[in-house]
Participant: 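Can you read through this structure? Questions will come right after.
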Amino acid sequence: MSVRTRFAPSPTGYLHIGSVRTALYAWALAKKNNGSFILRIEDTDRERYVPNSIKFIIQELNWLGLQPTEGPSKSELIQVGEDIEGLSLEWSSHGGPYIQSLRKDFYKRYAEELLQAGFAYRCECTPEMLEKERREQILAGKRPGYSGRCRYINVSPEKPYAIRLKLPQNFSVTANDEIRGKLKFENPPLSDPVLLKSDGFPTYHLAVVVDDHLMKITHVLRGEEWISTFPIHWYLYDLFGWEKPKFLHLPVILGEDGKKLSKRHGAQTTAELREEGFLPSAIINALALIGWTHSSGLEIFSVDEFLRDFSLEKVHSASGMFSPIKLKRINHEHFKLMRVDEFLALIQKNLGLSLRLSESYVNVLKERTHTLKDLSQLLCFLIFPNEYDFQALEDIDKQLIISTLELFKKTVNENLSRDELQAQISAISDSINLPKKHVFKILRVAILRRMETPPLIDTIQEFGFNWTIDQINRFLSEFR
RNA sequence: GUCCCCAUCGUCUAGCCAGGUCUAGGACAUCUCCCUUUCACGGAGAAAACAGGGGUUCGAAUCCCCUUGGGGACGCCA
């Protein structure tokens with residue numbers, strides 16, 4: 001039987017890195033086994049739905065390279081009101097619909113089935129009543145939970161109602177998790193959960209079981225926040241008499257303070273990471289490493305290398321922290337692994353600069369690049385021509401700066417080698433009695449705009465004598 | 001409150017399942033030194049952990065139990 005995994009996000013407007021890690025493992029498992037990776041949209045809560053976020057999710061997965069093999073069709077997206085401008089969907093949509101709000105008939109059918117069989121009941125309690133009940137329970141120091149009021153009364157199907165699952169007395173379940181082994185739940189603090197809401201939408205518990213079954217999912221990978229309601233899902237499979245998939249509850253990813261990731265931890269969505277200048281391959285590398293290790297101990301790897309070695313056995317059960325510092329480091333290593341043409345293409349795409357640079361100069365740049373932002377800073381002399389860091393020169397006499405530059409223009413020419421250029425600068429330093437350090441500083445700011453730059457001599461050699469003189473003249477006209 | 005999950009350097013982890021090769025290895029971060037015209041890279045080195053207590057055993061980081069600590073869940077959210 002072929003492996004089928006799925007990624008089932010809610011369209012809430014962003015893609016959290018915790019979800020991305022779950023998606024990554026699910027994608028890898030399917031890909032490795034030549035199976036299918038299904039994108040299913042869990043939009044059963046209309047209040048949390050953010051328009052066009054399905055499109056956004058698709059674009060983000062695409063950017064990260066986690067391509068589904070099955071997912072919603074364009075017409076499904078249109079039906080739920082998503083903008084499909086510029087989207088090309090390269091996957092099969094034959095087992096759909098893949099958007100849960102378009103699958104309401106399925107859920108209704110199975111909920112009714114349980115109702116008929118006496119495993120579920122109609123509930124007429126309103127949200128207000130439930131809220132009041134909950135408040136009182138908490139006030140009385142009791143465990144909050146549905147009292148089961150409608151369980152024994154016959155609620156008329158004429159009025160609005162929800163369908164609740166009737167949990168057995170002394171509800172105890174032993175469920176199996178692939179990375180934790182047997183999970184025993186004895187009288188878990190669960191009360192009869194709603195399966196079908198009064199608006200006709202299913203809750204997660206019904207939808208996930210029905211869809212995973214109907215879509216023939218073989219491995220359910222999800223966050224460990226689902227462990228507590230795992231007994232409900234396990235029980236539903238038993239009631240329906242369906243074969244269970246394998247379940248893998250992945251540990252959560254925490255922020256640096258050991259708390260669940262939230263806004264104050266900085267970048268934690270794919271969009272934020274992209275803006276900070278991180279590469280998809282580095283994000284995948286970093287995320288893969290939280291809760292999994294390469295069998296050879298490799299710590300910097302490409303997506304292909306990850307895929308080749310990925311296995312469920314190496315996935316941990318303990319949660320881990322996300323470290324932006326480590327991501328930065330990994331990102332740097334990924335820059336270093338890039339070929340020259342790849343690197344230049346990246347500059348072209350992200351900075352809009354079409355450059356032809358020597359391999360050695362590209363290496364000089366790569367060494368100094370941790371994120372794309374660094375790159376734009378390094379190359380600011382090409383991007384923002386008139387933004388000079390005049391402050392850096394404040395401690396040097398203005399006339400001296402001008403005469404240094406004039407002297408440099410006179411004594412330097414196209415034919416000078418690296419060493420000769422170096423010697424020439426030393427000579428200038430001697431002749432006007434200015435420390436070499438200062439001469440370099442002046443040249444650096446004049447030619448490259450600021451103090452944090454690629455090596456001066458290399459840059460002059462790379463871009464040429466005429467360019468250099470041009471830069472200096474430009475500086476002088478601003479400076480004088 | 002109830003139920004569940006987790007536990008090796010600051011962090012990610014190797015080792016654990018199949019106890020001895022562990023005076024616990026690596027990487028990131030930190031500190032020191034070297035390299036250096038800037039910013040970086042790089043090189044050498046240092047400091048840094050088996051949460052605690054009981055068992056089992058000739059022998060425990062590894063197996064069992066308890067405690068502690070951290071996390072999650074208890075919604076007509078997912």
Participant: Of the options rC6(B), rU37(B), rC5(B), whose atoms approach the side-chain atoms of Glu224(A) most closely?
Facilitator: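 Selected nucleotide: rC5(B).
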Participant: Expressed as a whole number of angstroms, how long is the span from Glu367(A):CD to rA40(B):C1'?
Facilitator: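 Spelled out: CD on Glu367(A) to C1' on rA40(B) is 8 Å.
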Participant: How are the rings of His294(A) and Trp292(A) set to each other: parallel, tilted or perpendicular (split at 30° and 60°)?
Facilitator: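 Rings of His294(A) and Trp292(A): perpendicular, over 60°.
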Participant: Per the atom types in the model, does the base of rC5(B) pair as donor or acceptor with the side chain of Arg180(A) at under 3.5 Å?
Facilitator: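 It does not, because no donor-acceptor pair links the side chain of Arg180(A) to the base of rC5(B) below 3.5 Å.
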Participant: Apply the syn/anti split at 90° from 0 to rC41(B) and say which one it is.
Facilitator: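 In terms of base orientation relative to the sugar, rC41(B) is syn.
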Participant: Please tell me which of Lys336(A) and Ile179(A) maps to the more 5' nucleotide of RNA chain B, matching each residue to the nucleotide holding its nearest heavy atom.
Facilitator: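 Going by which nucleotide is closer to the 5' end, it is Ile179(A).
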Participant: Measure from the side chain of Lys197(A), starting at C-beta and using heavy atoms only, and say which of rU37(B), rC76(B), rU11(B) lies closest.
Facilitator: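 Within the option list, the nearest is rC76(B).
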Participant: For rG42(B), give its Watson-Crick or G-U wobble partner with both distances under 3.5 Å, or none.
Facilitator: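 When the pairing criteria are applied, rC34(B) turns out to be the nucleotide that pairs with rG42(B).
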Participant: How close or far is atom C1' of rC76(B) from atom CD of Glu133(A), stated in whole angstroms?
Facilitator: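 About 13 Å, once rounded to whole Å.
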Participant: Is any side-chain N or O of Ser228(A) closer than 4.0 Å to OP1 or OP2 of rG72(B)?
Facilitator: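 Answer is no, no contact under 4.0 Å.
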Participant: Specify whether His233(A) and Phe230(A) have parallel, tilted or perpendicular ring planes, treating 30° as the upper limit for parallel and 60° as the lower limit for perpendicular.
Facilitator: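 His233(A) and Phe230(A): tilted rings.
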Participant: Which value, in whole Å, describes the distance between the P atoms of nucleotides rG26(B) and rA46(B)?
Facilitator: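 Going atom to atom, P in each nucleotide, I get 10 Å.
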Participant: NA contact type, Ser198(A), heavy-atom cut-off 4.0 Å: base, sugar-phosphate, or nothing?
Facilitator: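 Result for Ser198(A) = base.
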Participant: Checking base pairs now: Watson-Crick or wobble, both atom distances under 3.5 Å. What partners rA18(B)?
Facilitator: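 Paired with no nucleotide.
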Participant: Could you give the CD1-to-C1' distance, from Ile300(A) to rU13(B), as a whole number of Å?
Facilitator: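 The answer, rounded to whole Å, is 14 Å.
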Participant: So Thr453(A), base contact, sugar-phosphate only, or nothing? Heavy-atom distance under 4.0 Å.
Facilitator: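 Here Thr453(A) touches the bases of the nucleic acid.
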Participant: Does rA40(B) have OP1 or OP2 under 4.0 Å away from a side-chain N or O of His370(A)?
Facilitator: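 For His370(A), the contact criterion (side-chain N or O under 4.0 Å from OP1 or OP2 of rA40(B)) is not met.
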Participant: For a quick check, tell me whether the side chain of Arg444(A) and the base of rU37(B) share a donor-acceptor pair closer than 3.5 Å.
Facilitator: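 When only heavy-atom distances are counted, Arg444(A) does reach the base of rU37(B) through a donor-acceptor pair under 3.5 Å.
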Participant: Within the structure, does a side-chain N or O atom of Arg329(A) lie under 4.0 Å from either OP1 or OP2 of rA29(B)?
Facilitator: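 For Arg329(A), the contact criterion (side-chain N or O under 4.0 Å from OP1 or OP2 of rA29(B)) is met.
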Participant: According to the interplanar angle, ranging from 0 to 90°, do the rings of Trp226(A) and Tyr204(A) count as parallel (below 30°), tilted (30 to 60°) or perpendicular (above 60°)?
Facilitator: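 Geometry flag for Tyr204(A) against Trp226(A): parallel rings.
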Participant: On the nucleotide rC4(B), are OP1 or OP2 found under 4.0 Å from the side-chain N or O atoms that Lys182(A) carries?
Facilitator: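 Looking at the OP1 and OP2 atoms of rC4(B), neither is under 4.0 Å from any side-chain N or O of Lys182(A).
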Participant: When you measure from the side-chain N and O atoms of His316(A) to the phosphate of rA14(B), is any distance below 4.0 Å, counting only OP1 and OP2?
Facilitator: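 Yes.
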Participant: May I ask which nucleotide in the shown strands pairs with rA73(B), Watson-Crick or G-U wobble, both distances under 3.5 Å?
Facilitator: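 Pairing partner: rU2(B).
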Participant: Run the salt-bridge test on Lys409(A) and Glu406(A) with the 4.0 Å N-O cut-off and return the result as yes or no.
Facilitator: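 Judged by the 4.0 Å cut-off on N to carboxylate O distance, Lys409(A) and Glu406(A) do form a salt bridge.
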Participant: I need the CG-P distance between Leu254(A) and rA7(B), as an integer number of Å.
Facilitator: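 That distance rounds to 13 Å.
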Participant: Taking pairing as Watson-Crick or G-U wobble with both contacts under 3.5 Å, can you name the mate of rA27(B), or confirm there isn't one?
Facilitator: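 Pairing partner: rU11(B).
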Participant: Once hydrogens and angles are ignored, does a donor-acceptor distance under 3.5 Å link the base of rU38(B) to the side chain of Lys441(A)?
Facilitator: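 Looking at the base of rU38(B), it does not pair with any donor or acceptor on the side chain of Lys441(A) (distance under 3.5 Å).
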Participant: Figure out the CZ/P separation between Arg143(A) and rU2(B), and round it to whole Å.
Facilitator: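 Rounded to the whole Å, the gap is 12 Å.
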Participant: rU38(B), rA7(B), rC28(B): which one has an atom nearest the side-chain heavy atoms of Ser317(A)?
Facilitator: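 Of the candidates, rA7(B) comes closest.
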Participant: Using atom NZ of Lys184(A) as one end and atom C1' of rC4(B) as the other, report the distance to the nearest whole Å.
Facilitator: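 Spelled out: NZ on Lys184(A) to C1' on rC4(B) is 14 Å.
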Participant: Can you tell me the distance, in whole Å, between the CH2 atom of Trp226(A) and the P atom of rA73(B)?
Facilitator: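 About 9 Å, once rounded to whole Å.
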Participant: His332(A) side chain N/O closer than 4.0 Å to the phosphate oxygens (OP1, OP2) of rA40(B)?
Facilitator: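 False: His332(A) side-chain N/O out of range (4.0 Å or more) of rA40(B) OP1/OP2.
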Participant: Please report the distance separating the P of rA27(B) from the corresponding atom of rA47(B), rounded so that it comes out in whole Å.
Facilitator: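 The same atom, P, in both gives a distance of 15 Å.
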Participant: Under a 4.0 Å N-O cut-off, is there an ion pair linking Lys166(A) with Asp192(A)?
Facilitator: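 Salt bridge: no.
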Participant: Considering only NZ, NE, NH1 and NH2 on the basic side and carboxylate oxygens on the acidic side, decide whether Lys142(A) and Glu136(A) come within less than 4.0 Å.
Facilitator: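 No salt bridge links Lys142(A) with Glu136(A).
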Participant: With rounding to whole Å, what would you report as the distance between rU62(B) and rG52(B) at their P atoms?
Facilitator: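 To the nearest whole Å, 10 Å.
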Participant: Is any side-chain N or O of Thr44(A) closer than 4.0 Å to OP1 or OP2 of rA78(B)?
Facilitator: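 Yes.
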Participant: Angle between ring planes, His332(A) versus His370(A), binned at 30° and 60°: parallel, tilted or perpendicular?
Facilitator: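 If you compare the ring of His332(A) with that of His370(A), the planes turn out parallel.
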Participant: State whether Arg164(A) places a side-chain N or O below 4.0 Å from either non-bridging phosphate oxygen (OP1 or OP2) of rC76(B).
Facilitator: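 Affirmative; the distance criterion is met.
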Participant: In whole Å, I'd like the distance from the NE2 atom of His294(A) to the C1' atom of rC12(B).
Facilitator: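 From His294(A) NE2 to rC12(B) C1': 16 Å.
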Participant: Specify the residue among Lys436(A) and Ala318(A) whose closest nucleotide of RNA chain B lies further upstream toward the 5′ end.
Facilitator: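 Closer to the 5' end of RNA chain B: Ala318(A).
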Participant: Tell whether Glu299(A) reaches the base of rG26(B) with its side chain through a donor-acceptor pair below 3.5 angstrom.
Facilitator: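 Indeed there is one.
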Participant: Do we get Arg40(A) above Tyr98(A)'s six-membered ring, with its NZ or CZ under 6.0 Å from the centre and within 45° of the axis?
Facilitator: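 Negative - Arg40(A) is either too far from the ring of Tyr98(A) or too far off its axis.
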